[in-house]
Amino acid sequence: MDFLKELSAKQEKINNYLENAIKGEGLLQKEITEAMNYSLLAGGKRIRPVLMMATCEALGLLEDEVLPFAAALEMIHTYSLIHDDLPSMDNDDLRRGKPTNHVVFGEATAILAGDALLNFAFETALSAPFDAEKKIKAVSVMGKASGYLGMIGGQVVDLEGEKRRLSADELTKMHAMKTGALIKAATGMGCALAGRDESLLSDYSANLGLAFQLKDDILDETSTAEELGKNIGSDAKNEKTTFITLYGMKKAEELLEETTNKAIKALEKIEDSEFLEEFAMYLLKRRS
Ligand code: GRG
């Protein structure tokens with residue numbers, strides 16, 4: 001298997017779907033669709049939808065039929081980025097290599113664009129050609145992961161972390177919610193749609209999510225704004241605890257490797273795991 005070819009084929013499929021998902025022509029409220037599409041189509045690695053599509057494929061489903069669910073995950077991820085960049089949160093002006101949503105459209109429209117992407121994600125997911133029982137299971141995994149027990153819960157702890165230093169345990173739990181929950185949801189939703197136990201690949205994706213965050217913290221210290229398409233050093237600016245402030249670079253790199261290996265080991269539970277294994281290695285080595 002040519003991993004990079006497979007990866008870009010998946011990215012292209014999801015990009016084509018997203019390009020046609022939100023239409024504003026003729027609408028009085030066209031501006032909101034422009035703000036939604038501005039961030040949704042600004043690039044991005046499409047990690048969560050690719051992971052979901054690969055999970056489904058490994059479990060015998062066709063990629064095309066799960067595209068609405070994959071797109072829904074990317075819409076929720078994009079909404080979280082728009083809101084995370086707001087002046088009341090991280091107050092960032094660069095995302096995906098472009099000025100942030102509120103810089104271009106103003107704060108009120110950026111808040112509404114995020115809200116609208118979140119709502120539309122559920123509408124989009126439910127348009128997928130699966131029976132109601134499977135869709136309910138997958139949508140409920142997605143709702144829980146993005147809500148107060150998942151991504152939003154993590155964001156709350158992250159904001160609290162601007163006022164006090166988090167312990168290693170608190171930092172790990174915060175990231176398991178803030179970033180990890182949506183990554184874990186990608187495999188959980190895939191399993192639910194394939195009629196399998198939604199936790200079948202949880203060990204894989206939970207470790208992948210932690211590895212993703214470790215790498216994010218490492219890149220924040222070792223990469224550039226040009227390479228990442230977002231400002232670096234924003235955690236330091238907001239005096240947040242990171243894996244680097246807690247462990248130092250060397251230990252963080254060791255933990256990244258260990259966590260990636262644990263993710264790969266957890267793939268023993270399924271037969272067709274080649275892409276998912278290479279995907280973990282790709283995230284380990286990524287430069288952006
Ligand atoms: C505001 C509701 C709300 C939630 C915010 C996930 C989150 C919580 C904010 C995202 C901000 C952030 C910088 C999180 C740290 C790691 C992360 C999710 C980075 C961005 O994800 P990538 O690298 O980005 O997948 P692309 O642009 O490639 O999609």
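Any value given below was found using the heavy atoms of this structure, including those in side chains, with hydrogens, waters and symmetry copies removed. Counting starts at 1 for both ligands and their atoms, in listed order.
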* Asked: Is Lys10 close enough and on-axis enough to Phe275, meaning under 6.0 Å and within 45°, for cation-pi?
  -> yes

* To do: Evaluate whether atom CD of Glu65 has more than 12 neighbouring non-hydrogen atoms of other residues, nucleotides or ligands under 6.0 angstrom away.
  => yes

* **Taking atom 25 (O) of ligand 1 as the reference point, the nearest protein heavy atom with its distance** => Arg48 NH1, 2.8 Å

* Asked: For atom 11 (C) of ligand 1, what is the nearest protein heavy atom, given as residue, atom name and distance?
  -> Asp84 OD2, 3.0 Å

* Kindly check if the number of other-residue, nucleotide or ligand heavy atoms within 6.0 Å of NZ (Lys173) is above 12? => no

* List every atom of ligand 1 that sits less than 4.0 Å from any heavy atom of Tyr79, numbering the atoms from 1 in the order shown and giving each element. => 2 (C)

* **Whichever hydrophobic residues join Leu219 through chains of side-chain contacts under 4.5 Å** => Leu228, Ile232

* Has Arg46 got any heavy atom lying under 4.0 angstrom from an atom of ligand 1? -> no

* **Pair Asp92 + Lys230: basic N to acidic O under 4.0 Å** => no

* **Neighbour count >12 (heavy atoms, 6.0 Å) for atom CZ, Phe3** => yes

* To do: For ligand 1, indicate whether the residue Ile152 contacts it via side chain, backbone, both or neither (heavy-atom separation under 4.0 Å).
  => side chain

* Are any of the N or O atoms of Thr179 closer than 3.5 Å to those of ligand 1? -> no

* Option set Gly153, Ser88, Ser80, Ser39, criterion heavy-atom distance to atom 4 (C) of ligand 1, minimum -> Ser80

* To do: Report, in ascending order of atom number, the atoms of ligand 1 lying under 4.0 Å from any heavy atom of Arg96.
  => 26 (P), 27 (O), 29 (O)

* Check Lys45 against ligand 1 and report side chain, backbone, both or neither, counting heavy atoms closer than 4.0 Å. => both

* Considering only heavy atoms of Gln213, which atoms of ligand 1 have at least one such atom less than 4.0 Å away? -> 15 (C), 16 (C)

* Just which atoms of ligand 1 are under 4.0 Å from any heavy atom in Gly44? -> 26 (P), 27 (O), 28 (O), 29 (O)

* Structure fact -> With heavy atoms and a 4.0 Å threshold, my read on which part of Leu81 contacts ligand 1 is side chain

* Polar contact flag for Glu74 and ligand 1 (N/O pairs, less than 3.5 Å) -> no

* Thr242 backbone acceptor or donor facing Thr245 side chain under 3.5 Å -> yes

* atom 6 (C) of ligand 1: the protein heavy-atom neighbour that sits closest, reported with distance to 0.1 Å -> Lys178 O, 3.4 Å

Pairs of donor and acceptor atoms involving the side chains of residues 194-215, under 3.5 Å and at least two apart or interchain, shall be tabulated with distances.
unit_1	atom_1	unit_2	atom_2	d
Asp197	OD1	Ser199	N	2.8
Asp197	OD1	Ser199	OG	2.8
Ser202	OG	Ser199	O	3.4
Asp203	OD2	Lys269	NZ	3.3
Tyr204	OH	Leu276	O	2.7
Ser205	OG	Thr187	OG1	2.8
Ser205	OG	Leu201	O	3.2
Asn207	ND2	Asp203	O	2.9
Gln213	OE1	Thr179	OG1	2.7
Gln213	NE2	Asp217	OD1	3.3
Lys215	NZ	Leu284	O	2.8
Lys215	NZ	Arg286	O	3.2

* For the residue pair Phe243 and His175, categorise the inter-ring angle as parallel (less than 30°), tilted (30 to 60°) or perpendicular (more than 60°). => tilted

